[in-house]
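Reviewing the structure listed below.
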Amino acid sequence: MKIAVLGAGTYGSYVINSLIEKYPDAEITLFDVGDKNVKSEEQIGFYSKLKKAMYKGLTDGRFFGYGGASDKWGGQLLTYTDNDYHHPDAFMQGVINIDKARKDEMLAKFKIENKFPENHVSNELFTKTGVWLSALHRNFFHWFKIDKRQQVKIMNHSRVVRLESKNGKDIDAVVYTDGKSESKASFDYYFLTSGAFESSRILMSSGMMPEKVHFSDHLSMKVFKIKGSTVIGNEDFVFRMRGTSLITKRMIGEVTDVDADGKVAQKDYSFYVHPVFNLKFPFFVVMKEVLFKHHFELKYIWTALKDIPHCIAFAWAILAKRRMYVMDNEWFLYIDIENPSLESYISLSKEKDAFGVQGLDVYYDAGKETEFVFNEAKEDAIKHLTACNVKYDVLAEEINVQTCEDIYHPYGMFDFKDMNDYFTRWNNMLVVTTGCLSRSGGINPTAAMLPVVDEFIEKHLPNA
Ligand SMILES: Cc1cc2nc3c(=O)[nH]c(=O)nc-3n(C[C@H](O)[C@H](O)[C@H](O)COP(=O)(O)OP(=O)(O)OC[C@H]3O[C@@H](n4cnc5c(N)ncnc54)[C@H](O)[C@@H]3O)c2cc1C
C-alpha cells in the first residue's frame, strides 16, 4: 500500500513511526512545506489575519519544517482518564477509552513511564501528573529518526494546496506546489497531519469542510502568588526530575454552565490550576529561551554570571535534590480554562500568501460565559487553597482576554459523532490534529491523540 503523510511535524512523525512498527514494508511519501530549518508562519510565507480579539495561535504557535511545533513546544505529555469529563460526548469517550488502554504503550515509545495515580483532592478538583519530555528529545521527527527510515521518501519544499476527491469520501490525489508550479500525486491512503489550522485550510480549499470552521482554545491567566511551601494539602506540586525529563502536577476541575434563568445548560467547561516557578529568576527565563526557542545571545552568559548564588542553588536543586528550584520560595498558580465561546472561527481569506494560496481569517471571541467559567474556576481553587491553609495573593480578580497568555491547543474544529465516524469519515484518509478533539479538557492535549493513532493503525487501517 502506498501511503502519503501530509506534514512532517509532531503527528506526522508519530504516524510514520507507528506505521513502520506495524508494517515494516510500508511505502511512505512524506510531504512537507519546509525542511530541516524550522520556521515561523511569517518566515515560511503563510498568511493569517486576526479579525477579532487577541489570539496568537497561528502567528506564534505554528512552526514549519521537520518536527513542526514539536521543535519548540513544551513537550508535556498528558492523556485522559474517566476523571476528566463529567459528560464526555461519544467521540471524547472513545478517546478516553483508547487513552486508558494504550497510554503506557505510547509513553514507552519515548522511554517514559507514568503510573502516578490521580487523586481527588476536593469535591471539585483532582490531580493529574504529567511528564515533560527532556529538552533534548522533544522534536518528534528527530526522536523517531524519520530521515533515516528507508521506507520514507521525503518531499520537502512541497506545500500541500488541496486534495482532490470526486465523491468527497475517497481522496483521489494530493495537489502540492513548490511555490512555482502545482503537481499532483495519488496514493492508496492519506494521513493529513499539517497542523490544526492548515489541515482545516486544506480541507476548506478542497470543499470538504464548511466555509466557516469553528474552533476554541484554552485561555490562561496568572491568578495566585504563593510565598512558601509547594505543598497543598497532601500533594507537593514542585516539579521533580526523572532522568532528563520533568514530572509535573496540576489540579483539574469542571464548571457547569447555567443559562440566563439559572438553569443548568448541560454544558461543562474544564479548567486546570497549574504551578509556574521562577518567573523572576533571570537565569531561568533565559534558559527557557535557549532550550525552547533555540535562541541564544551572548548577554545571556552575563545574566547567569550576575546571579551566581541563585544559579548555584538552582544547579544543586536539579542535580542533587532532583527537583525544581523555587527562587525565594515564591511561586504562582495559573488557571487555564476552555474558552466556552462558540463564536470563534476561521475562514479562507481573500488575501493570498507567498505560495499564491488563500490564507486564513481568524475570529476569536471570549464572551460573557468566559467570565462565568473563569470566576467559578477561581472560586473552586480558592476553596481548596483555604481548606489547606495556603496563604496566597490573588493577582487577577477577573479574566482579561487581552492579558491572557498564549496557549496553543486548538480544538473543536470537527464534529465526529464517535470513534467509528472519525476512523471512517473518509474512506482513505485520517486527519490527525488536536482540532479533531471536541474538547481539550484540563490538559495540553497533543499526546491524547497519539494512542488513537496507534489504535487506528493497528486495527482499522484498511487494506494494510
Ligand atoms: C510553544 C508551544 C508549547 C507547546 N507545549 C505543548 C505541551 O507541552 N504539550 C502539548 O500537548 N502540546 C503543546 N503544544 C501544542 C503542540 O505543539 C501541538 O498541539 C502539536 O505540535 C501539533 O502537532 P501537529 O502535527 O498537528 O502540527 P505540527 O507539529 O506543527 O506539524 C505540522 C507539520 O505540517 C507541515 N505543514 C504545514 N502545512 C503544510 C502544507 N500545506 N503542506 C505540507 N506540509 C505542511 C509543517 O511544516 C509541520 O512540519 C505547544 C505548542 C507551542 C507552540
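None of these values were measured; they are calculated from a predicted model. Whatever order the structure lists ligands and atoms in, that order sets their numbers, starting from 1.
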So which protein heavy atom does [atom] come closest to, and at what separation?
| atom | answer |
| --- | --- |
| atom 53 (C) of ligand 1 | Y408 CD1, 3.1 Å |
| atom 40 (C) of ligand 1 | V160 N, 3.6 Å |
| atom 27 (O) of ligand 1 | G195 CA, 3.6 Å |
| atom 36 (N) of ligand 1 | V33 CG1, 3.8 Å |
| atom 37 (C) of ligand 1 | S194 O, 3.4 Å |
| atom 21 (O) of ligand 1 | T10 OG1, 2.7 Å |
| atom 38 (N) of ligand 1 | E198 CG, 3.0 Å |
| atom 19 (O) of ligand 1 | T446 OG1, 2.8 Å |

Options [options], ranked by nearest heavy atom to [atom], top entry:
| atom | options | result |
| --- | --- | --- |
| atom 3 (C) of ligand 1 | G74, G12, A69 | G74 |
| atom 46 (C) of ligand 1 | L30, D32, T434, N156 | D32 |
| atom 14 (N) of ligand 1 | Y11, F141, W73, Y411 | W73 |
| atom 47 (O) of ligand 1 | G65, G34, G68 | G65 |

Point to revise | Output field: ring centroids Y325/F281 closer than 6.0 Å | key: yes
Exercise for review: Could you tell me whether F355 and Y47 have their ring centroids closer than 6.0 angstrom?
Suggested key: no
Please state whether the rings of [X] and [Y] are parallel, tilted or perpendicular, taking 30° and 60° as the class boundaries.
| X | Y | answer |
| --- | --- | --- |
| Y189 | F191 | tilted |
| H460 | F423 | tilted |
| F91 | F416 | tilted |
| H274 | Y334 | tilted |

Looking at [X] and [Y], does any basic side-chain N land under 4.0 Å from a carboxylate oxygen?
| X | Y | answer |
| --- | --- | --- |
| E21 | K109 | yes |
| D89 | R439 | no |
| E41 | K56 | no |
| E235 | K249 | yes |
| K22 | D454 | no |

Practice item. Mind checking whether V161 contacts ligand 1 via backbone (N, CA, C, O), side chain (CB onward), both or neither, at a 4.0 Å heavy-atom cut-off? Key: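 Looking at V161 and ligand 1, no heavy atom falls under 4.0 Å.
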Review point. Does S158 approach ligand 1 within less than 4.0 angstrom via side chain, backbone, both or neither, non-hydrogen atoms only?
Key: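 For S158, only backbone atoms sit under 4.0 Å from ligand 1.
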Which of the atoms in ligand 1, numbered in the order shown and given with their element, are less than 4.0 Å from a heavy-atom of [X]?
| X | value |
| --- | --- |
| P445 | 11 (O) |
| G75 | 7 (C), 8 (O) |
| T193 | 32 (C), 33 (C), 34 (O) |
| F64 | 37 (C), 46 (C), 47 (O) |

Can [X] be said to touch ligand 1, with heavy atoms closer than 4.0 Å?
| X | answer |
| --- | --- |
| R159 | yes |
| G67 | yes |
| L6 | no |
| A448 | no |

**Study point:** Polar contact flag, side-chain donor to acceptor under 3.5 angstrom, D217-Y55
**Key:** yes
Check your understanding: With no hydrogens and no angle check, do the side chains of Y411 and T434 hold a donor and an acceptor under 3.5 Å apart?
Key ->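 Not at all, the side chains of Y411 and T434 share no donor-acceptor pair under 3.5 Å.
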Report yes if some N/O of [X] lies less than 3.5 Å from some N/O of ligand 1; otherwise report no.
| X | result |
| --- | --- |
| R201 | no |
| G9 | yes |
| F46 | no |
| Q76 | yes |
| D60 | no |
| G7 | no |

Point to revise | Criterion side-chain contact (heavy atoms from CB on, under 4.5 Å) against P275, the qualifying member of F332, W331, F224 | key: W331
**Study point:** By side chain to side chain contact (heavy atoms under 4.5 Å, CB included) - contacts of N37 (at least two apart)
**Key:** D35
Exercise for review: Output, in order, the C-alpha distance, side-chain angles, deciding distance and verdict of ring-ring contact (aromatic ring centres under 6.0 Å, His included) for F414 and Y422.
Suggested key: CA-CA 9 Å; F414 294 80; Y422 173 55; 8.2 Å; no
